[in-house]
Amino acid sequence: MTATEDLSWYTNPGARAWQTTQLGGDAHTFHRGLPGYLPTPFVEISSLADELNVSKVFVKDESSRLGLPAFKILGASYAISRALSRRFGYADEALPLRELRDRLVDESVRLVAATDGNHGRAVAHVARDLGLPARIFYPASLTVAAKDAIAEEGAETVEMDTSYDELVAAASESAQSEGSGAVLIQDTAWPGYEEVPRWIVEGYSTLFAEADEQLLAVGIDRIDMVVVPVGVGSLAQAAVRHYRSNPHPPVILTVEAERAPALVASLHAGRSVSVPTTDTIMAGLNCGTPSAVAWPSLLAGVDAAVTVSEDESVAGVGRFAELGVDAGPCGAATLAGARRVLIDPVRRAQTLVPSDAVVLLFSTEGSAANPLPAPIVTVGVVPS
């Protein structure tokens with residue numbers, strides 16, 4: 001590492017040659033069986049293609065997913081079903097939630113999770129659907145709207161003025177103290193706690209399977225770049241596992257908040273490291289340590305990683321809104337990240353993205369999931 005190295009930016013030319021296998025499990029089939037399941041919108045935005053000097057830009061819009069304003073319920077629902085199905089002898093199967101609810105009538109079990117917003121709400125939502133109690137730990141810095149949304153799902157809430165990593169530790173200790181009466185549903189992994197995070201990643205695979213089908217439906221048989229936001233890295237792991245099993249994989253660009261650059265710092269170090277974080281409007285990305293399950297795939301399979309500022313995320317929210325896409329700050333981070341890379345000639349050259357590229361942005365939350373705090377007003381221009 002040199003004194004002049006840009007620590008907000010990382011590239012790995014060797015990622016193009018690395019391949020892996022598809023995620024296991026039957027998550028897409030499981031999700032199709034949920035009441036109200038529909039693929040989320042897949043929108044082509046020509047004006048963004050012009051701005052980014054590429055052929056086409058598509059946005060996968062997760063502002064409304066199974067009754068919630070973010071993608072997280074895909075991982076939470078599948079992992080909860082896998083964890084609870086095991087109690088009834090189904091070690092390798094995710095029972096439908098309706099069947100689980102009937103089986104759980106005589107069971108006493110609580111779901112526990114730590115969250116910086118969307119994951120905890122998703123866990124609480126599924127717990128309510130199953131008739132189970134939930135205990136959700138969240139940081140004091142979480143928006144009032146996000147806190148209220150978790151409480152409205154019927155969860156017991158525990159607020160702590162601490163970092164995300166310390167929240168996770170507190171949730172883990174709480175679940176352990178109840179023994180078999182509680183199940184920790186956490187979307188980050190550490191040594192000894194890896195199975196549930198793997199199931200959560202498998203749950204996210206539905207997002208990418210849908211995108212493949214939607215691309216084919218509009219006559220597109222290739223994609224050149226995908227852009228995903230990163231907190232602990234579980235969604236990015238799902239992206240790597242999905243696209244690196246393709247013989248012609250796209251460039252995978254990850255985007256983090258510059259106030260929580262755990263992945264880009266780890267990539268520069270060549271090993272997983274923890275970084276101090278500070279409050280960010282990209283609350284879902286405010287994580288200080290990559291998931292232990294995700295890290296090996298991210299190190300090998302991510303082509304490029306970039307961080308974005310608060311102002312860039314805010315402006316991304318505004319630009320998406322002008323274009324008819326309802327995005328919160330985490331979802332809009334992908335637009336901000338794409339601009340940081342594709343408009344900069346040096347970074348663009350390093351990623352080898354051609355002018356006829358097809359680019360896919362994953363907007364992972366709607367504004368209802370994580371409203372911009374007052375008095376911030378979105379402006380429809382992302383700073384370059």
Side-chain angles (χ1 to χ4, degrees), residues 20-28 30-31 70-87 91-94 111-124 126-127 134-138 163-176 182-208 228-242 244 254 256 260 262-263 266 272-274 284-302 364:
T20 186
T21 58
Q22 283 272 13
L23 288 164
D26 58 351
H28 201 185
F30 170 81
H31 291 130
F71 78 104
K72 289 281 190 174
I73 195 168
L74 291 174
S77 61
Y78 185 71
I80 289 168
S81 177
R82 289 294 302 266
L84 296 178
S85 295
R86 176 168 289 180
R87 289 180 169 239
D92 301 313
E93 188 174 343
L111 303 183
V112 180
T115 189
D116 41 24
N118 295 325
H119 173 69
R121 184 178 181 185
V123 171
V126 177
R135 179 180 296 133
I136 307 298
F137 291 72
Y138 56 62
S163 69
Y164 177 78
D165 289 1
E166 291 170 331
L167 275 176
V168 171
S172 177
E173 291 170 6
S174 174
Q176 288 176 10
V183 178
L184 181 67
I185 304 294
Q186 204 55 56
D187 56 352
T188 189
W190 56 89
Y193 184 77
E194 297 171 335
E195 193 167 44
V196 168
R198 283 196 182 100
W199 289 333
I200 287 174
V201 172
E202 288 177 9
Y204 294 158
S205 67
T206 292
L207 191 60
F208 304 104
V228 294
V230 170
V232 296
S234 295
L235 178 65
Q237 180 192 2
V240 168
R241 289 289 301 275
H242 182 84
R244 290 288 175 232
T254 63
E256 292 177 282
L263 177 58
S266 297
S272 179
V273 300
S274 296
L285 310 187
N286 194 7
C287 307
T289 307
S291 169
V293 167
W295 168 244
S297 293
L298 301 180
L299 176 62
V302 168
T364 51

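These values consider heavy atoms only, across backbone and side chains, with no hydrogens, waters or symmetry-generated copies.
- With values rounded to the nearest 0.5 angstrom, T20 atom OG1 is found 10.5 Å from R244 atom CZ.
- A donor-acceptor pair is defined here as one N or O able to donate and one able to accept, closer than 3.5 Å; no such pair exists between the side chain of T254 and the backbone of V228.
- The closest donor-acceptor contact from the side chain of Y193 to the backbone of Q186 lies under 3.5 Å.
- By the 4.5 Å heavy-atom criterion applied to side chains, L263 and W295 are counted as neighbours.
- A 4.5 Å side-chain heavy-atom check between Q237 and V293 finds at least one atom pair inside the cut-off.
- Partner of K72 under the side chain to side chain donor-acceptor pair (under 3.5 Å) criterion, chosen from T364, N118, D187, T115: D187.
- With contacts defined as side-chain heavy-atom distances shorter than 4.5 Å, the pair H242/Q22 qualifies.
- In this structure, V168 and F137 have side chains that are not in contact, with every pair of non-hydrogen atoms separated by 4.5 Å or more.
- Panel note: side chain H119, backbone G284; no donor-acceptor pair is recorded below 3.5 Å.
- In this structure a side-chain-to-backbone donor-acceptor pair under 3.5 Å is missing from Y78 to H28.
- Listed by first then second residue, pairs satisfying salt bridge (charged side-chain N to carboxylate O under 4.0 Å, His left out) with a partner in residues 74-83 read R82-E202, not counting sequence neighbours.
- In terms of modelled atom types and a separation under 3.5 Å, the side chain of R135 and the main chain of A113 share no donor-acceptor contact.
- Residues forming a ring-ring contact (aromatic ring centres under 6.0 Å, His included) with Y204 (at least two apart in sequence, or on another chain): F71.
- By the 4.5 Å heavy-atom criterion applied to side chains, T188 and C287 are not counted as neighbours.
- Here the side chains of F30 and L74 are not in contact, with every heavy-atom distance at 4.5 Å or above.
- Shortest non-hydrogen contact noted between A134 and A127 is CB-CB, 3.8 Å.
- Atoms CG and CG, on L235 and L285 in that order, are 10.0 Å from each other to the nearest 0.5 Å.
- Under a 3.5 Å cut-off, the side chain of S234 and the backbone N or O of V201 do not form any donor-acceptor pair.
- With hydrogens and angles disregarded, no donor-acceptor distance shorter than 3.5 Å links the side chain of Y164 to the backbone of G231.
- For the residue pair T289 and A262, the shortest heavy atom distance occurs at N-CB, 3.8 Å.
- The two residues S297 and V240 come nearest to each other via the heavy atoms O-CG1, 3.6 Å.
- The two residues S291 and A189 have their closest heavy-atom pair at OG-N, 3.0 Å.
- Residue pairs meeting the salt bridge (charged side-chain N to carboxylate O under 4.0 Å, His left out) criterion with at least one member in residues 112-122, sequence neighbours excluded, are R121-E153.
- Across all their heavy atoms, G120 and I136 have their closest contact at O-CD1, 3.6 Å.
- A 4.5 Å side-chain heavy-atom check between H31 and S77 finds at least one atom pair inside the cut-off.
- The shortest distance between side-chain heavy atoms of E256 and V230 falls below 4.5 Å.
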